[in-house]
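Here the structure comes first, spelled out in structure tokens, and everything after it is commentary.
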Protein chains: 2
Amino acid sequence: MSPPTPAPSATPRARPTIADVAAEAGVSKATVSRYFNHRERLLSPDIAARVEAAIAKLAYVPSPMAQALSHGRSRLIGLVVADVTNPYSVAVLRGAEKACQDAGYLVMLFNLGNDRERERAAIDALASYQVDGFILNTLGQGEGQADVNTLHGKPAVLVDRRHAGLAADFVSLDNQGAMREACAHLQQQGWQRLLYITQPLLGVSSRIERTEAFRALVSSKRSAVRGTVLELAAEQGDEVLDQALTDLLRQARPGERCAVVAGNSVVTLRVAAAVSRMGWTFGQQLGFVGFDDPEWASLIRPGLSAVAQPTDAIGQRAAQCLLERINGLEGPARESLLPGLLVVRGSSLWPAGAPDPG
Amino acid sequence: MSPPTPAPSATPRARPTIADVAAEAGVSKATVSRYFNHRERLLSPDIAARVEAAIAKLAYVPSPMAQALSHGRSRLIGLVVADVTNPYSVAVLRGAEKACQDAGYLVMLFNLGNDRERERAAIDALASYQVDGFILNTLGQGEGQADVNTLHGKPAVLVDRRHAGLAADFVSLDNQGAMREACAHLQQQGWQRLLYITQPLLGVSSRIERTEAFRALVSSKRSAVRGTVLELAAEQGDEVLDQALTDLLRQARPGERCAVVAGNSVVTLRVAAAVSRMGWTFGQQLGFVGFDDPEWASLIRPGLSAVAQPTDAIGQRAAQCLLERINGLEGPARESLLPGLLVVRGSSLWPAGAPDPG
DNA sequence: TTGTAAGCGTTATCAT
DNA sequence: ATGATAACGCTTACAA
């Protein structure tokens with residue numbers, strides 16, 4: 001309907017600015033800005049309509065960077081991950097990213113590559129982009145440890161790992177409940193001698209909590225099972241693990257059956273390799289339940305039982321918490337402990353033909 | 001040494017700006033800016049020293065957003081991933097992210113969640129943040145397909161998947177070479193009847209290239225092996241796969257041994273599950289080589305042979321290409337095809353005790 | 001209700 | 001070699 005309006009500038013390719021829209025609509029820049037920010041409160045319908053038409057015609061989109069510079073909000077969320085290679089982190093990331101996108105935020109990712117010294121640098125870099133908040137799944141240890149000051153006054157939510165000096169919202173698997181479920185299931189199936197294998201604690205809260213929960217369970221008066229803990233470092237050779245498993249069986253009392261609880265899928269992988277090396281079969285010589293439920297858990301005969309983490313929900317909850325804080329919610333740090341799901345497969349079942357556990 | 005200098009402003013917590021540094025050093029803002037941008041060319045040593053001291057004292061860090069607004073560069077790289085859940089994508093992401101960080105760039109991540117319609121929205125969102133370039137690992141299909149216009153004049157590099165309408169640098173596994181190596185190995189080990197299983201092609205270039213390479217190999221005059229292709233969709237039930245495998249063996253000529261080549265680790269997972277269902281053993285009833293080398297490949301007895309992708313190198317090369325373009329490199333689109341690494345495990349070895357393949 | 005003008009923190013073009 | 005000053009695209013007092 002309207003005649004084509006050749007842009008006055010020589011380069012019509014550049015993104016239109018708020019000034020272009022203002023000119024097109026015959027109003028001031030402020031009015032266009034108000035169209036986006038305070039439309040209902042203070043803008044007459046006819047002017048609003050003209051602005052809207054101009055915006056549509058020029059396909060104008062506000063520049064978040066300019067908005068950030070002026071207004072101080074960037075619609076950006078900084079996500080710091082200890083290790084993108086870790087499937088758990090990625091799964092959480094996915095949930096968080098989705099929730100953020102739905103709320104109109106973009107996620108800036110920073111991967112620590114497991115280098116704890118880079119944590120502070122990561123946060124500073126993100127902060128320099130005026131991110132509105134942080135989602136942190138990091139070590140929380142070492143030189144560059146994050147503290148309240150580092151966050152430049154922006155809210156943060158911690159995922160999976162608490163930080164000593166940081167009173168922020170915290171979202172994680174209910175480690176204690178998950179451990180209780182795993183051990184109760186093993187015990188009920190007749191596995192009485194348990195070995196919990198974890199990566200080195202190194203101050204990582206989730207590892208510590210799982211280990212403590214395990215210790216509490218096996219040392220409780222009412223508990224019928226015995227238990228030991230093994231910290232297994234990546235640098236340690238397979239002999240260490242093989243030896244530990246051999247010892248486990250050797251030290252069992254007559255008739256006492258042994259099972260391993262793995263602290264996460266990294267450990268699960270090593271245990272599965274070890275069992276393969278020994279020529280054992282899960283559910284026979286050795287029972288097994290692992291934290292995390294990797295896609296290949298059902299491929300290891302006769303299927304690895306696992307406590308699946310609600311990773312997507314954790315990510316979404318983290319994003320939700322953060323967005324609430326960004327929107328001004330005050331109050332003390334909150335804690336969301338989400339329940340795990342015990343997936344029972346062959347590795348933890350009492351073998352058919354064996355004497356009944358009851 | 002120097003006496004404490006109480007900040008004149010009431011809020012000493014705010015990040016220092018270039019103006020603060022200028023005041024502290026007793027110079028103009030322009031001089032401070034020059035200290036960062038054209039230090040060597042035009043700045044006297046003594047002034048430079050004063051500026052440097054002020055910067056150190058105030059712990060000043062330039063604001064990338066303001067720089068982006070003014071100068072047009074954001075030191076940001078937009079990374080669009082079809083699916084963060086895909087370990088391949090993540091591995092590449094990791095390599096790219098590392099290279100970008102080393103070059104002083106930050107990575108903004110956008111996950112499509114395999115929704116091809118969101119590709120355009122992702123690029124627009126990233127572009128609105130003035131990203132200096134794009135790394136794209138996407139579908140390149142559907143409504144929101146990226147084209148040159150979408151990129152807002154910013155350079156892009158394509159990873160793993162070509163786009164029809166996009167003449168950008170391209171980095172990927174050498175699919176043809178990898179397929180040749182996989183098939184040659186199988187043939188040499190005596191597997192003569194091959195079934196290539198791929199996810200539905202759907203216009204994805206890597207899938208198409210692998211499939212075409214396979215077809216060319218098995219139909220070549222000099223080839224001693226026969227071959228078939230199966231497109232297996234996620235929606236299709238396991239019966240389809242089980243039937244295909246059963247047919248494969250049934251249709252083999254007497255003495256002809258059958259093997260599967262899997263197009264990626266998703267397919268590998270399904271094939272491994274199927275073989276487990278049938279009670280077969282890899283390397284016996286069925287030979288196997290898969291594209292991608294997931295961490296659990298060695299756990300499936302007797303070990304799954306695989307063509308490992310140089311994911312880290314692919315990511316780094318992608319970042320390198322992009323940074324070169326950002327720094328002004330002109331010229332036609334380049335192609336980097338990186339070689340895969342054949343990892344031989346039991347699944348593709350001629351079983352001991354079987355008649356010699358030679 | 002709408003317009004004017006002063007920032008936000010940089011960089012770049014002028015002068016000097 | 002250094003200092004004003006005008007952008008960059010937007011928001012928001014303050015005026016009208």
Side-chain angles (χ1 to χ4, degrees), chain A residues 9 11 14-52 54-55 58-76 127-132 152-153, chain B residues 9 11 14-52 54-55 58-76 127-132 152-153:
Chain A
S9 95
T11 55
R15 286 166 52 102
T17 76
I18 201 171
D20 298 328
V21 177
E24 173 74 31
V27 298
S28 73
K29 294 195 301 176
T31 301
V32 179
S33 172
R34 278 192 275 260
Y35 175 83
F36 285 102
N37 301 300
H38 313 283
R39 181 165 3 179
E40 315 308 342
R41 287 210 329 227
L42 30 81
L43 216 55
S44 63
D46 55 329
I47 290 269
R50 269 169 44 209
V51 173
E52 180 162 9
I55 289 171
L58 300 182
Y60 166 77
V61 181
S63 155
M65 306 213 79
Q67 294 186 110
L69 195 58
S70 172
H71 179 261
R73 330 216 98 152
S74 61
R75 309 234 107 204
L76 234 33
S128 74
Y129 281 94
Q130 305 263 40
V131 295
D132 293 339
H152 304 273
Chain B
S9 95
T11 56
R15 287 166 50 102
T17 76
I18 202 171
D20 298 329
V21 176
E24 172 75 30
V27 299
S28 73
K29 292 195 303 176
T31 301
V32 178
S33 174
R34 275 190 278 261
Y35 174 83
F36 285 102
N37 301 300
H38 313 282
R39 180 166 3 180
E40 315 308 343
R41 287 211 328 233
L42 31 79
L43 216 55
S44 65
D46 56 329
I47 291 271
R50 275 184 19 223
V51 173
E52 181 163 8
I55 290 171
L58 301 182
Y60 166 76
V61 180
S63 154
M65 306 212 81
Q67 290 181 353
L69 193 59
S70 172
H71 182 259
R73 331 216 98 153
S74 62
R75 308 234 106 204
L76 234 34
S128 74
Y129 280 95
Q130 305 263 42
V131 294
D132 293 339
H152 304 273

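Residue numbering restarts at 1 for every chain, and letters A, B, ... go by the order of the sequence lines. Keep in mind that this is a model prediction, so the values were computed, not measured.
- Under the side-chain contact (heavy atoms from CB on, under 4.5 Å) criterion, B:Ala30 pairs with B:Ser28, B:Arg34, sequence neighbours left out.
- In A:Arg39, the CZ atom is crowded: over 12 heavy atoms of neighbouring residues, nucleotides or ligands sit closer than 6.0 Å.
- Judged by distance alone, with hydrogens and angles left aside, the side-chain atoms of B:Ser74 form a donor-acceptor pair with the main-chain N or O of B:Gln130 at under 3.5 Å.
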Contact state string [nucleotides 2-15 of chain C, B base, S sugar-phosphate only, - no protein heavy atom under 4.0 Å]:
BBB--BBBBBB---
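- The aromatic ring centres of A:Phe36 and A:Tyr60 sit less than 6.0 Å apart.
- Among residues two or more places apart in sequence or in another chain, the side-chain contact (heavy atoms from CB on, under 4.5 Å) test is passed with B:Ser33 by B:Ile18, B:Asn37.
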